[in-house]
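I have placed the structure first, in the form of structure tokens, so that the comments after it can refer back to it.
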Number of protein chains: 2
Amino acid sequence: MSLHALKLAPQDCGDCPIRHRAVCARCDGPELAKLEEMKYYRSFEAGQNVVWSGDRMDFVASVVSGIASLTQTMEDGRRQMVGLLLPSDFVGRPGRTIAPYDVTATTDLVMCCFRRKPFEEMMATTPHVAQRLLEMTLDELDAAREWMLLLGRKTAREKIASLLSILARRDVGLKAKAAKGPISFDLPLTREEMADYLGLTLETVSRQMNALKRDGLVELEEKRRITVPNFDRLMNETGDDSDGGFLS
Amino acid sequence: MSLHALKLAPQDCGDCPIRHRAVCARCDGPELAKLEEMKYYRSFEAGQNVVWSGDRMDFVASVVSGIASLTQTMEDGRRQMVGLLLPSDFVGRPGRTIAPYDVTATTDLVMCCFRRKPFEEMMATTPHVAQRLLEMTLDELDAAREWMLLLGRKTAREKIASLLSILARRDVGLKAKAAKGPISFDLPLTREEMADYLGLTLETVSRQMNALKRDGLVELEEKRRITVPNFDRLMNETGDDSDGGFLS
DNA sequence: CGATTGCCTTGATCAGGATCAAATGAAAGG
DNA sequence: CCTTTCATTTGATCCTGATCAAGGCAATCG
């Protein structure tokens, strides 16, 4: 029986473009058994809320399948996505009981949960877990800072191109990128969610998507099905360095 | 003899508005001695560069005094600040040798450094240090996400008000905030640095600063000396929830 | 002392996205 | 089949903040 969240070690998926965020990549003795017995699963439908900002959250979890988003909302309704949780990403902060953001299932979602109290106790006695969690958190911090550059300084077109290239990489892997073949994938976000991710309005997202289509940078056969004929040409629109230094 | 970075435990400075980020708040035996013998100090003048993005960085450090900033720059020169390091903040990522950002001394700066290799070794054998570092990193991640909301969704005026209220809190503490008296502090940033922090141009920063002054929300006797007569009125301009849930 | 330099302010104009409004299209339901 | 709903597109207009261009002011230096 598989312990999803715990078995994914980075070295197990060398090609994967996403930084895997297994809770514990290195422990395989009693700690794993302890985690195994405290875990449980929860499923959510697309659009369903997982926790509200301000709620008590007495579990930590990692995403098994599907996508969840973290969003912040201002009183007047302005919204900003601040995190996008992909499979194997971790959510919940040891030591903090109140959720600081809304967590929402963007697609159908399965999470592997651990009650916070025993998880924290285990962390205190198992150095590997704390270290792995630190690594993961540092990766997330780097991603957040990349995102800050996007929000603060990129144009609408660059923002869209950046998001699409992130999703393309995630779905297809760096190998495919190197291969320079066309890349196809499903957009897991609505126009509005994309707008919340990018700090734009949904109208601007729509217009810029169609602009990229007009310019032949992407093909949009079905509104939510994207094909990128030439990844490098898309990258040129992102404003990022050509190498796209994504992983360390 | 003081081990600056290590002696600051959160509970030692209850009033301080800034989340202290001591490397090790809880260890006080052999680990402290080990850290003590591997530490060394480096000083920088205002404006001086500490590391360039892409450089090899074979130390980790914590800020003793002064302010440093982390910035990202695009090829065409657009710049975004992604971190502001205040005293007791930590910089440098265990496990990563290449600096992902430019680190610059914004004011005169003293840092307490540890060579990376021995620091990492110590981390591996001292669970408290990894746990403390995890806490600090999670705090930083929360700050980054707050910052993302600012960059993505706030107006120029709200951005300025937010920055000023952060600085005001830092310099004076929550107690003073509660006391509702006027708050004075020195701006440690130029208009351009503020702009890079906020995702604006320096002209817009200048205009909005003067607008806040005209509206009586701040007083600017000397361009870099700020007085906030009524903190709550400034907070109302930030767009944040009134409570200003700053710490946990 | 005048010249230079760095930082800040101010003004005029422009443009990228936001906003408001309406239409389209596809899927779901009665 | 018609209606409803939701996601998306498209159009017209507006406005915030960017851009371009000068000018002020204080500190520093020759």
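Protein chains get the first letters and strands the later ones, always in sequence-line order, with residue 1 at the start of each. Keep in mind it's a predicted model, so treat the numbers as computed, not measured.
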For [X] and [N], what is the distance between atoms [atom1] and [atom2] respectively, to the nearest whole Å?
{"X": "A:Arg225", "N": "D:dA7", "atom1": "CZ", "atom2": "P", "answer": "21 Å"}
{"X": "A:Glu221", "N": "C:dA26", "atom1": "CD", "atom2": "C1'", "answer": "17 Å"}
{"X": "A:Arg79", "N": "C:dA18", "atom1": "CZ", "atom2": "C1'", "answer": "17 Å"}
{"X": "B:Leu151", "N": "D:dG17", "atom1": "CG", "atom2": "P", "answer": "13 Å"}
{"X": "A:Asp76", "N": "C:dT19", "atom1": "CG", "atom2": "C1'", "answer": "14 Å"}
{"X": "A:Lys213", "N": "D:dT9", "atom1": "NZ", "atom2": "C1'", "answer": "10 Å"}
{"X": "A:Leu200", "N": "C:dT19", "atom1": "CG", "atom2": "P", "answer": "11 Å"}
{"X": "A:Lys154", "N": "C:dG16", "atom1": "NZ", "atom2": "P", "answer": "18 Å"}

Beyond-backbone contact of [X] with [Y], side-chain heavy atoms, under 4.5 angstrom:
{"X": "B:Trp147", "Y": "A:Val82", "answer": "no"}
{"X": "A:Gln208", "Y": "A:Met194", "answer": "no"}
{"X": "B:Ile226", "Y": "B:Met209", "answer": "yes"}
{"X": "A:Leu151", "Y": "A:Gln80", "answer": "yes"}
{"X": "A:Ile160", "Y": "A:Arg207", "answer": "no"}
{"X": "B:Leu150", "Y": "B:Leu198", "answer": "yes"}

Would you please confirm or rule out a distance under 4.0 Å between OP1 or OP2 of C:dA18 and any side-chain N or O of A:Thr204?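 Result: yes.
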So if I define the base as every atom that isn't primed, P, OP1 or OP2, how would nucleotides 8-15 of chain C read as a B/S/- string at a heavy-atom cutoff under 4.0 Å? SBBBB---
Answer with base, sugar-phosphate or nothing: what part of the nucleic acid does A:Gly47 contact at a heavy-atom distance below 4.0 Å? nothing
